[in-house]
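Order of appearance sets the numbers: ligands from 1, and atoms from 1 within every ligand. Everything numeric here is computed off the predicted structure, so don't read it as measured data.
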Amino acid sequence: MIEVHEALEIILSKIHFKGIEKVPIDQALGRVLCEDIIARRPNPPLDNSAMDGYALIASDIKNATPENPVELIVSDEIAAGAIGTVEVKPGHASRIMTGAPIPPGADAVLMQEDTDKKGNSILVKDMAEAGENIRLAGEDVAVDETVILKGCLIEPAHIGMMAVVGRSQVYVSQRPTVAIISTGDEIKDLDEIPTGSCIYNSNGYMLAAQIRSAGGIPVYLGIAPDVEEDLLEKFETAIKCDIVVSSGGVSVGDYDLVKASLKKLGHEMAFWKVAMKPGKPLAFGEIGGKPIFGLPGNPVSSFVSFEQFARPSIKKILGYSNLAPKIVQARLTKTITKKTGRLHFLSCCLGSENGTTTATPNAEQGSGILKSMVSANGLMVFPKDSSEMKEGDQVSVQVLYN
Ligand code: AMP
Ligand code: MG
């Protein structure tokens, strides 16, 4: 049996970046950026007004108050998108809209609310500092500035910035296709009627969602009964994808045929047992250079094994700079015990008490109790050689789906 970190190291050593492709920015959300985004033009391009108001000379109005307003002649009007060419001279102002460029001569913009109109003039009721309400050219983005770094996960603000610098398409990583095979005579699909001890294929659908949330393209191949020929056929189809995940059939039961079938296809098995709970059985290896994850059948085990091994693998294929899940330190809210020898992952709820992050392990932790995962937002890590963690202890929690 190997340790979780050793298993992950072996797996990641066999996983490689897939490649890049160009996409329109409206399809880039959630993808991994594969180029630095560099501005070729400043933003804003010119000094411009942050307010609807009047461009003027600050020293003209330094004594202006509501009781003693200063009168200025309005000699021009500048809309956003226009260029004001009339120079602002002492005793004058130009009407200016938000985003319009500052005309020559002016050094401040006074907001409209601090003025009263009087024919072709305004009465200024407040002073302004030089530079007030002026947004400087390049204050958002300077020429040749790198505004987004390669390797980041593209979020809405990134897409806004791509548009700021005029990029309609960007290079992102190619998403891997991930085949999903569910094994078991007792497993039925959702359009079938389960009789007797049969159950629905919850793993297949859950894995598809995990793959999608990790950035992969799930390829659902349905259910293979516990018959070697059927398994062989499914795996032969599956290895056309970039990665394969199967669930079930990797334990020591009489019908656990996944390992034997994979062997027939030339599967080079790296290992098949990891010192963790849930999720001890894990048949990981390759067929023709394609990584295969034989995940355990119990739903919670399948879920946790995917999160520990398949999600970081998909992240590596996608070119993420950080493959590890997001970890937070939290205060344990109740004492828990276990046997030593295996690293445990407990579904838990992260919360907050008096400004401290707390972690409360869910009451039921069985490998078949998927309900415990439904209410969870974290996986608490209970170290291999520890047998007790006390209320108040600091614990590490992996934030789910990160
Ligand atoms: P196995 O590893 O094949 O012995 O499966 C372990 C347990 O997980 C059994 O109780 C199976 O019924 C259950 N199981 C296996 N595959 C699935 C699946 N796709 N969806 C839900 N439960 C499953
Ligand atoms: Mg089975």
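The protein heavy atom nearest to atom 10 (O) of ligand 1 is N298 OD1, 4.1 Å. Looking only at heavy atoms of the protein, atom 18 (C) of ligand 1 is closest to N203 ND2, 3.3 Å. Nearest to atom 19 (N) of ligand 1 among the protein's heavy atoms is N201 OD1, 2.8 Å. The shortest contact between atom 9 (C) of ligand 1 and any protein heavy atom is with E186 OE2, 4.0 Å. Looking only at heavy atoms of the protein, atom 22 (N) of ligand 1 is closest to I199 CD1, 3.4 Å. The closest protein non-hydrogen atom to atom 21 (C) of ligand 1 is S202 OG, 3.2 Å. For atom 4 (O) of ligand 1, the nearest protein heavy atom (residue, atom name, distance) is D256 OD1, 3.7 Å.
Of all the heavy atoms of S247, the ones lying under 4.0 Å from any atom of ligand 1 belong exclusively to the side chain. Here I223 has no heavy atoms under 4.0 Å from ligand 1, in either its backbone or its side chain.
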inquiry  = Test salt bridge (charged side-chain N to carboxylate O under 4.0 Å, His left out) on E268 and K14; report intermediate values, then the result.
reply    = CA-CA 12 Å; E268 293 157 39; K14 303 194 183 299; over 6 Å; no

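Ligand-side atoms of ligand 1 in range of T183: 16 (N), range being under 4.0 angstrom from any heavy atom. Numbered from 1 in the order shown, with element, the atoms of ligand 1 that lie under 4.0 Å from a heavy atom of Y200 read 20 (N), 21 (C).
The distance from the CD1 atom of I61 to the CG atom of D126 is 7.0 Å, given to the nearest 0.5 Å. Going from atom CG of L379 over to atom OH of Y401 covers 8.5 Å, rounded to the nearest 0.5 Å. Atom CG of D52 is separated from atom CD of Q112 by 6.0 Å, given to the nearest 0.5 angstrom.
Looking at G249, G297, P281, G248, it is G297 that brings a heavy atom closest to atom 13 (C) of ligand 1.
Across every non-hydrogen atom of A58 and A108, the tightest pair is CB-CB, 4.2 Å. L231 and P225 get closest at one heavy-atom pair: CG-O, 4.0 Å.
Among residues two or more places apart in sequence or in another chain, the salt bridge (charged side-chain N to carboxylate O under 4.0 Å, His left out) test is passed with D385 by none.
F235 is listed as a side-chain neighbour of S246, based on a closest heavy-atom distance under 4.5 Å.
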